[in-house]
Amino acid sequence: MEIIRTVAELRTKLNAAREKGSIGLVPTMGALHAGHLSLIQRARKENDTVVVSVFVNPTQFNNPTDLVTYPRTEAADVAMLESAGVDYAFIPTVEEIYPEPDTRVFDLGPVAEVMEGAMRPGHFNGVAQIVSKLFDYTRPTRAYFGEKDFQQIAVIRKMVQLEGFDLEIVDCPIKREDDGLAMSSRNVRLTPEQRAVAPVINRTLQSSLEFAKDHTVEETKRFVIDELNSKPHMQVEYYEIVDAFTMQPITDWAQTEQAVGCVTVFCGDVRLIDNIKYQQKK
């Protein structure tokens, strides 16, 4: 595996690799775990060359404290990437990616205006900035993203459409700990007591599948919020049930072919997200 620090070298290496076949890109912010590894393994299976970016992108953090406390574990990340058979690890500095401020504003539309978009102003524009840069640098055949960030995938698809990138966005299932907690780089910040209660997020979402069969959308939302808020350390920021493609909230199960429940919960001061798919009409 080669570690690349500059955009110029990355372009050179991948221009040569592209002549030999397909390129798979896995964008990450580091602090890698088995969830990232599952994306890398899929990219490895489907492409001739695999490149993983490791970059904590400052433009997508609307909370400066969150940027400062985001875990950075480069040595461990490099070891994991090498063992996973990655060809190129792109690990640039902030100055390399943003030699000058990125002032682009993307017209991402309704998919970016709800949930995370409403709670974290500017977040998705920052995501679009960095992902569009990575796509431009690497020109991948396929790019891999985890479904834990369900809304982010819809935003990235919109950005791809806007910018006219020629690539396939591959969304991959959520990877979970044995107790059901969605894997996240933020999980390491949980205290032992918080870590013990955090799996209730997934358990509650799973319980809501049965509850939803004979309850309305609004009743199901209230069930999830009340259940989670009743647990120690837990405070729901939002729980929305949305159309899986438009990200717009629904009020009736019949409104959509695929409903997804998206939750954000503060466990102590650690912000955790998860989601669940409710139904698929045949």
Side-chain angles (χ1 to χ4, degrees), residues 28-38 56 60-73 76 114-121 123-124 146-152 173-242 247 249-251 253 259-279:
T28 83
M29 292 209 300
L32 302 179
H33 50 67
H36 297 107
L37 199 57
S38 68
V56 180
Q60 70 190 67
F61 286 83
N62 63 323
N63 181 342
T65 303
D66 199 19
L67 174 60
V68 171
T69 58
Y70 198 87
R72 292 159 172 85
T73 57
V114 295
M115 297 188 293
E116 291 297 279
M119 294 297 174
R120 303 174 68 187
H123 168 67
F124 283 132
E147 285 191 339
K148 181 172 72 72
D149 296 290
F150 196 86
Q151 185 180 8
Q152 176 176 276
I174 298 172
K175 190 83 172 170
R176 298 186 179 278
E177 304 287 357
D178 290 342
D179 57 12
L181 178 63
M183 289 187 176
S184 169
S185 302
R186 289 183 166 87
N187 292 351
V188 298
R189 293 177 48 208
L190 297 168
T191 67
E193 294 80 10
Q194 292 164 353
R195 178 62 187 82
V197 76
V200 76
I201 299 170
N202 181 51
R203 288 202 300 271
T204 301
L205 292 179
Q206 293 293 336
S207 297
S208 75
L209 292 179
E210 191 63 32
F211 184 92
K213 289 178 180 176
D214 51 10
H215 291 84
T216 66
V217 171
E218 192 57 42
E219 288 167 341
T220 304
K221 285 172 58 178
R222 180 48 51 194
F223 166 78
V224 169
I225 292 168
D226 288 348
E227 278 290 305
L228 290 175
N229 283 344
S230 72
K231 302 298 187 290
H233 307 291
M234 290 288 184
Q235 182 62 51
V236 175
E237 184 176 44
Y238 67 79
Y239 183 58
E240 291 287 356
I241 298 175
V242 303
M247 297 295 114
I250 62 169
T251 56
W253 297 114
V260 178
C262 298
V263 71
T264 295
V265 186
F266 278 96
C267 188
D269 63 354
V270 182
R271 192 172 185 270
L272 303 176
I273 65 174
D274 206 340
N275 60 75
I276 195 162
K277 296 176 183 176
Y278 276 101
Q279 94 241 10

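Treat the numbers as computed from the prediction; the structure is a model and nothing was measured.
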Legend entry - Which residues share a ring-ring contact (aromatic ring centres under 6.0 Å, His included) with Tyr238, sequence neighbours left out: none

Inset, instruction - Check for a donor-acceptor pair, side chain of Asn187 on one end and backbone N or O of Ala182 on the other, with a separation under 3.5 Å. - result: yes

Legend entry - Shortest non-hydrogen contact between Asn202 and Gly180, atoms and distance: CB-O, 3.3 Å

Inset, instruction - Answer yes or no: is there a side-chain heavy-atom contact under 4.5 Å between Glu240 and Gln151? - result: no

Inset, instruction - Determine whether Val217 and Tyr278 make a side-chain contact, defined as any pair of heavy atoms from C-beta on separated by less than 4.5 Å. - result: no

Legend entry - Any donor-acceptor pair under 3.5 Å from Asp66 side chain to Phe61 backbone: no

Legend entry - Ala212 to Trp253 - nearest heavy-atom pair and separation: CB-CZ2, 3.5 Å

Legend entry - Heavy-atom side-chain proximity of Arg72 to Val56 below 4.5 angstrom: yes

Inset, instruction - Would you mind checking if Glu219 and Arg222 are paired as a salt bridge, meaning a charged N to carboxylate O distance below 4.0 Å? - result: no

Inset, instruction - Not counting sequence neighbours, which residues clear side-chain hydrogen bond (donor to acceptor under 3.5 Å, both in side chains) with Asp269? List them please. - result: none

Inset, instruction - Identify the heavy atoms of Val236 and Asn229 that sit nearest to each other, and give their distance. - result: N-OD1, 2.8 Å

Inset, instruction - Would you indicate whether the side-chain heavy atoms of Arg176 and Pro199 approach each other to under 4.5 Å? - result: no

Inset, instruction - Give, for atom CD1 of Ile174 and atom NZ of Lys277, the distance between the pair rounded to the nearest 0.5 Å. - result: 8.0 Å

Legend entry - Reported CZ-to-CG distance for the pair Phe266 and Leu272, which is rounded to 0.5 angstrom: 9.5 Å

Inset, instruction - Measure the shortest side-chain to side-chain distance between His33 and Thr73 over non-hydrogen atoms and say whether it is less than 4.5 angstrom. - result: no

Legend entry - Minimum side-chain heavy-atom gap Phe150-Ile273 below 4.5 Å: no

Inset, instruction - Drop me the distance from Met115's CE to His123's NE2, to the nearest 0.5 angstrom. - result: 11.5 Å

Legend entry - Heavy-atom pair with the smallest gap, counting every atom of Ala31 and Ser185: O-OG, 2.9 Å

Legend entry - Nearest atoms (heavy-atom pairs only) where Lys231 meets Val197: CB-CG2, 4.2 Å

Inset, instruction - Look at atom NZ of Lys175 and say whether more than 12 heavy atoms of other residues, nucleotides or ligands are closer to it than 6.0 Å. - result: no

Legend entry - Qualifying residues under side-chain hydrogen bond (donor to acceptor under 3.5 Å, both in side chains), relative to Glu218, sequence neighbours excluded: none

Inset, instruction - Look at Glu237 together with Arg120 and state whether they make a salt bridge at an N to O cut-off of under 4.0 Å. - result: no

Inset, instruction - Find out whether Asp274 and Leu205 are in side-chain contact, i.e. whether some heavy atom of one side chain is under 4.5 Å from a heavy atom of the other. - result: yes

Inset, instruction - Could you check whether the rings of Phe211 and His215 sit parallel, tilted or perpendicular, using 30° and 60° as the cut-offs? - result: parallel

Legend entry - Gln152 versus Phe124, closest heavy-atom pair with distance: CA-CE2, 3.8 Å

Legend entry - Between CG on residue Leu190 and NE2 on residue His233, distance to nearest 0.5 Å: 10.0 Å

Inset, instruction - Starting at CZ of Arg186, measure out to OG1 of Thr69 and round the result to the nearest 0.5 Å. - result: 7.5 Å

Legend entry - Evaluation steps, side-chain contact (heavy atoms from CB on, under 4.5 Å), between Val200 and Leu228: CA-CA 7 Å; Val200 76; Leu228 290 175; 3.9 Å; yes

Legend entry - Heavy-atom check, side chain of Ile201 versus side chain of Met234, under 4.5 Å: yes

Legend entry - From OG1 (Thr264) to CZ (Arg271), nearest 0.5 Å: 4.5 Å

